[in-house]
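From a predicted model like this one, the values you see are computed outputs, not experimental measurements.
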Amino acid sequence: MMDDALSIVASAVRPLSEPPEGPGWNYREMAELIGDAPRRAAAVLLGWREGVQPRLVLTVRNDSLQAHAGQVAFPGGRTDPEDTDAVATALRESEEEVGLDRRLVTPLGYLDAFDTISGYRITPVVARIAPEARLYPAPAEVAEVFEVPLGFFLDPANLRRYTMDFRGHRREMVEFIHGGHRIWGATAAMLVNLLQRMGRL
């Protein structure tokens, strides 16, 4: 049985039968920064390992990668032609990046689509992960896999807001700091979207 904490998460997401369509919720801001060219499709997995305190699986990207090197991210990536939907993309990428056995994953639903500064439109897939799932980083892409308790994100004191300059624009940003890891950028923004949908912000 899904524990109470994950039930709250599940009740806040878009159902699997209603994937997000159209622009990301932050489209207007991104259009000002990078224009309105078509976005490339991608998906990520917000996977919560089941337990008394559900824990979110996150990765640290390899320092040698061309894009977003060294940053904290969800497992995921661009959609391949053979992917039937965003869930298929998120599960495939999670298997490639952290060895997550898709048989131990139960998709719960979607968050709202998110447009990135690098020109992608990400569909965030929220899922629960069985406690026994074993995770290990694929060295070519992932330097580290770590997990953060749901309770950490539910505590308003752990959300930091700040502004930054990007190409002459002032951007409102959010971040979390946990165990020496800085969770910011698109990853933090998608977490804030989840918290908003849960009524916690």
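Between Val60 and Val142, the closest side-chain pair of non-hydrogen atoms is not below 4.5 Å. For the pair Asn26/Phe114, a side-chain contact is recorded, criterion being any heavy-atom separation below 4.5 Å from C-beta on. Considering only heavy atoms from C-beta on, Arg128 comes within 4.5 Å of Leu6 through its side chain. Considering only heavy atoms from C-beta on, Met30 stays 4.5 Å or farther from Thr116 through its side chain. You'll find the side chain of Phe153 stays beyond 4.5 Å of the side chain of Leu159, heavy atoms only. Using a 4.5 Å heavy-atom threshold, the side chains of Leu100 and Val105 count as touching. Counting heavy atoms from C-beta outward, Tyr27 and Asp36 have side chains that approach closer than 4.5 Å. In this structure, the side chains of Glu147 and Leu135 come closer than 4.5 Å at one or more pairs of heavy atoms.
Interatomic distance, Trp48 CH2 to Thr106 OG1, rounded to the nearest 0.5 Å: 15.5 Å. In this structure, Thr123 OG1 and Asp85 CG are separated by 9.5 Å, a value rounded to the nearest 0.5 Å. A distance of 7.0 Å separates CE in Met198 from OG in Ser11, rounded to the nearest 0.5 Å. Rounding to the nearest 0.5 angstrom, the gap separating the CG atom in Leu191 from the CD atom in Gln196 is 11.0 Å. Leu111 CG to Leu194 CG: the interatomic distance, rounded to the nearest 0.5 Å, is 5.5 Å. The CZ atom of Arg170 lies 3.5 Å from the OG1 atom of Thr163; values are rounded to the nearest 0.5 Å.
Although no hydrogens or angles enter the test, the distance criterion places no donor-acceptor pair under 3.5 Å between the side chain of Thr187 and the main chain of Ile183. Listed for the Arg55 side chain is no donor-acceptor partner under 3.5 Å among the backbone atoms of Val148. Side-chain N or O atoms of Arg39 include one that pairs as donor or acceptor with a backbone N or O of Ala37 at under 3.5 Å. Looking only at distances, a side-chain donor or acceptor of Asn193 sits under 3.5 Å from a matching main-chain atom of Asp112. Without hydrogens or angle criteria, Arg49 side chain to Pro131 main chain gives a donor-acceptor distance under 3.5 Å.
Scanning all heavy atoms of the two residues, the minimum distance from Ala113 to Pro20 falls at N-CB, 3.8 Å. Closest approach of Ile129 to Ala133, counting heavy atoms only: CG2-CB, 3.5 Å. In plain terms, the two heavy atoms of Arg78 and Tyr120 that are nearest each other are CB-CE2, 3.8 Å. Residues Ala43 and Ala86 come closest through the heavy atom pair CB-O, 3.4 Å. The minimum heavy-atom distance linking Met190 with Val44 is given by the pair SD-CG2, 4.0 Å. When all heavy atoms of Ala10 and Val13 are compared, the pair lying nearest together is O-CG2, 3.3 Å.
Criterion: ILVMFWY side-chain heavy atoms under 4.5 Å apart, direct or through other members. Under it, Trp184 and Val57 are not part of a common hydrophobic cluster. Hydrophobic clustering of Ile, Leu, Val, Met, Phe, Trp and Tyr side chains at less than 4.5 Å, counting indirect connections, keeps Leu201 apart from Met173. Leu91 and Leu16 fall within a single hydrophobic cluster, where Ile, Leu, Val, Met, Phe, Trp and Tyr are joined by side-chain heavy atoms under 4.5 Å apart, directly or via other members. No chain of hydrophobic side-chain contacts below 4.5 Å, direct or via other Ile, Leu, Val, Met, Phe, Trp or Tyr residues, connects Leu56 to Ile177.
Tested against Asp115, the residues Arg40, Arg28, Arg121 include a single salt bridge (Lys or Arg N to Asp or Glu O under 4.0 Å) partner, Arg121. Put simply, the residue from Thr89, Val125, Val87 that forms a side chain to side chain contact (heavy atoms under 4.5 Å, CB included) with Leu45 is Val125.
At least one cation-pi condition fails for Arg14 and Tyr110: the charged atom is not both under 6.0 angstrom from the six-membered ring centre and inside a 45 degree cone around its axis.
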Residue pair Glu29, Arg171: steps toward the side-chain contact (heavy atoms from CB on, under 4.5 Å) verdict
CA-CA 9 Å; Glu29 178 191 5; Arg171 296 188 63 199; 2.9 Å; yes
side-chain contact (heavy atoms from CB on, under 4.5 Å) evaluation trace for Leu58 with Phe74:
CA-CA 5 Å; Leu58 291 161; Phe74 301 116; 3.5 Å; yes
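Ring orientation note: the planes of Phe146 and His181 are close to parallel, at an angle under 30° on the 30°/60° scale.
Within a 6.0 Å radius of CD in Glu132, more than 12 heavy atoms belonging to other residues, nucleotides or ligands are found. Crowding of Arg200 atom CZ: a count of heavy atoms from other residues, nucleotides or ligands under 6.0 Å not exceeding 12.
Annotation: salt bridge (Lys or Arg N to Asp or Glu O under 4.0 Å) contacts involving residues 151-161, sequence neighbours excluded, comprise Arg160-Glu175.
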